[in-house]
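All heavy atoms count here, side chains included; hydrogens, waters and symmetry mates do not. All values derive from a computational prediction rather than experimental measurement. Residue numbers start from 1 in every chain, and the chains themselves are labelled A, B, ... in the order their sequence lines are given, proteins ahead of strands.
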There are 2 protein chains.
Amino acid sequence: MKFDEYEKPAVTVDTVIFTVRNDSLQVLLVKRGVEPFKGNWAIPGGFVKLDESLEDAAKRELKEETGVKDVYLEQLYTFGEIKRDPRGRVITVSYLALINSDKIVLTPSTDVNEAKWFNVKHLPEFGFDHRKILNYALKRLKWKFEYTPVGFSLLPTKFKLSELQKLYEIVFDREFDKRNFSKKIHSLNFLKEVGIEKDVPYRPSKLYSLKSKVPEIIELI
Amino acid sequence: MKFDEYEKPAVTVDTVIFTVRNDSLQVLLVKRGVEPFKGNWAIPGGFVKLDESLEDAAKRELKEETGVKDVYLEQLYTFGEIKRDPRGRVITVSYLALINSDKIVLTPSTDVNEAKWFNVKHLPEFGFDHRKILNYALKRLKWKFEYTPVGFSLLPTKFKLSELQKLYEIVFDREFDKRNFSKKIHSLNFLKEVGIEKDVPYRPSKLYSLKSKVPEIIELI
DNA sequence: ACAAAAGTGTTGAGAGTACACCCATGC
DNA sequence: GCATGGGTGTACTCTCAACACTTTTGT
């Protein structure tokens with residue numbers, strides 16, 4: 001087959017954007033302004049331009065939706081069933097993003113471009129195969145939290161152990177024993193003490209930050 | 001952006017096909033008959049047709065190259081850098097396939113379509129980013145062997161424990177202790193005895209096959 | 001003194017690893 | 001009886017899970 005004569009599918013990048021706010025794991029969805037599935041909530045995404053890589057496309061979307069750059073971003077899976085989009089043949093490369101809620105500057109919603117954070121425990125109905133994509137993203141998220149230090153990208157640079165533990169409890173939706181958690185984290189030896197909490201009506205906590213050299217795969221939980 | 005006006009990248013599916021033969025882990029490569037990289041060895045693949053899913057495209061290629069269907073097949077990663085293919089913008093969805101060497105019927109090589117098995121320890125030079133794809137596939141392969149029962153797809157339905165162990169030793173390129181290996185496999189409790197070896201000049205081995213219900217994720221090594 | 005959260009140690013169970021000898025068969 | 005691979009148990013170490021009390025601070 002000649003390269004230029006080949007009839008091509010459309011390619012989109014959809015990014016499942018997670019954050020942790022208000023003691024819950026949340027995901028950013030946008031309201032569709034056009035058919036199909038007009039009015040339904042969907043995972044934000046768009047077509048890949050010819051002059052940008054897949055990752056750049058994901059970053060561009062992310063910047064447009066949340067005003068945030070320099071976030072954790074990783075490719076998930078590529079969905080390519082024939083009839084997944086009623087408009088025609090569309091292949092979607094999905095991405096996972098983690099953004100620290102302190103840094104979010106959501107651009108104000110307009111009628112055609114409404115974006116909203118949803119608690120992953122209370123998700124709306126989706127069009128396309130977005131439910132499948134989201135489930136996949138959730139599975140990967142948990143895996144990443146369990147085996148790698150990605151979780152730290154959702155915390156400020158200086159944090160307390162109890163904040164880290166809380167984060168893990170939210171993501172895994174269960175409680176951990178404070179002593180065991182502390183032991184585990186310290187044994188991994190990638191935190192450094194960087195100060196102490198001030199002006200709190202209880203015993204001040206030590207503050208930690210991540211050492212610069214941390215292995216990518218480690219067993220965390 | 002209107003759906004039909006959008007200028008689209010080309011999409012290919014490349015499949016890294018592994019087997020174990022002659023006590024080594026091998027991968028199937030094809031010799032490129034056209035520029036660019038004419039004469040170089042490459043991972044087999046081709047353009048995705050509009051009326052086939054990504055997985056179907058991978059299966060079609062696999063059938064064409066090896067004459068085998070019903071193999072283990074899984075998506076790996078999608079490579080989408082702008083300049084990865086000198087012909088133009090090409091996005092490649094990579095797949096991993098495992099095929100039992102007993103079932104291979106390689107179609108005879110012609111001058112334009114030469115295919116050959118390479119020991120993964122002695123790979124040739126590649127064009128494109130195929131080295132990167134292969135490294136990714138190797139990493140995933142090991143992960144899969146460690147945490148899931150995929151390995152069994154490379155064995156006949158009835159096999160000896162020592163054959164299973166040998167397979168693992170080849171994939172991980174190290175030896176395992178026979179007693180510990182046996183203990184581990186039996187403790188997982190997904191093998192059933194299905195007979196006994198005949199006519200061998202040594203103590204006959206028990207033959208096993210996989211139980212029908214086996215969890216997808218289990219720690220094997 | 002009280003409220004709030006921080007910090008810390010021990011014990012038992014289970015899994016992984018290291019290691020060596022006897023067994024069943026065909027020739 | 002010999003050559004070949006098959007089959008099996010024990011002891012040590014390490015990690016994980018369960019569990020409760022004292023400390024430090026601000027008010």
A:K116 to A:F118, cation-pi by 6.0 Å centre distance and 45° axis angle:
yes

For B:K198, the salt bridge (charged side-chain N to carboxylate O under 4.0 Å, His left out) test, sequence neighbours excluded, returns none

* **Any A:L98 side-chain heavy atom under 4.5 Å of A:V71 side chain** => no

| message | Strictly below 4.0 Å, N to O, side chains only: are B:E74 and B:R140 in salt-bridge contact? | response | yes

Here the salt bridge (charged side-chain N to carboxylate O under 4.0 Å, His left out) pairs for residues 152-175 of chain B, sequence neighbours left out, are B:D23-B:K166, B:K121-B:D173, B:K160-B:E197

Mark yes or no: B:K178 above the aromatic ring of B:F176, with NZ or CZ under 6.0 Å from the six-membered ring centre and no more than 45 degrees from the axis.
-> no

Axis-to-axis angle across the helix from C:dA1-D:dT27 to C:dC27-D:dG1, five pairs each end, nearest 10 degrees, ~ 10°

Residue set satisfying salt bridge (charged side-chain N to carboxylate O under 4.0 Å, His left out) with B:R21, at least two apart, ordered chain then number -> none

Donor-acceptor contacts under 3.5 Å from residues 207-221 of chain A side chains, at least two apart:
| unit_1 | atom_1 | unit_2 | atom_2 | d |
| --- | --- | --- | --- | --- |
| A:Y208 | OH | A:H186 | NE2 | 3.3 |
| A:K211 | NZ | A:N189 | O | 3.3 |
| A:K211 | NZ | A:N189 | OD1 | 3.4 |

Those residues at least two apart in sequence (or on a different chain) that pass side chain to side chain contact (heavy atoms under 4.5 Å, CB included) with A:V120 are A:F18, A:L25, A:V27, A:L138

Bounded by its outermost nucleotides with an atom under 4.0 Å from a heavy atom of chain B, the footprint on DNA chain D reads D:dA3 to D:dT10

Residues in residues 196-204 of chain B with a heavy atom under 4.0 Å of DNA chain C, by number, are B:V200, B:P201, B:Y202, B:R203, B:P204

Notebook entry, point to check: Just checking A:K183: base, sugar-phosphate only, or nothing, at a heavy-atom cut-off of under 4.0 Å?
Noted result: base

- Query: So, B:K132 versus B:N135: side-chain donor-acceptor pair below 3.5 Å or not?
  - Reply: no

- Residues A:E64 and A:R60 bridged, charged N to O under 4.0 Å: yes

> Less than 4.0 Å between a side-chain N and a carboxylate O, is that true for A:E55 and A:K59?
Replying inline: yes

Salt bridge (charged side-chain N to carboxylate O under 4.0 Å, His left out) filter on A:D199, not counting sequence neighbours, yields none

Across all chains, not counting sequence neighbours, the salt bridge (charged side-chain N to carboxylate O under 4.0 Å, His left out) partners of A:D177 are A:R179

Numerically ordered, the residues 162-180 of chain A set in heavy-atom contact under 4.0 Å with DNA chain D is A:D177, A:R179, A:N180

Ranking B:H186 and A:K184 by the position along DNA chain D of their nearest nucleotide, the one closer to 5' is B:H186

Closest non-hydrogen atoms of B:Q26 and B:S24, given as atom of the first, atom of the second and distance, are NE2-OG, 3.0 Å

Footprint ends on DNA chain C, 5' to 3', for atoms under 4.0 angstrom from a heavy atom of chain A, come out as C:dA3 to C:dT10

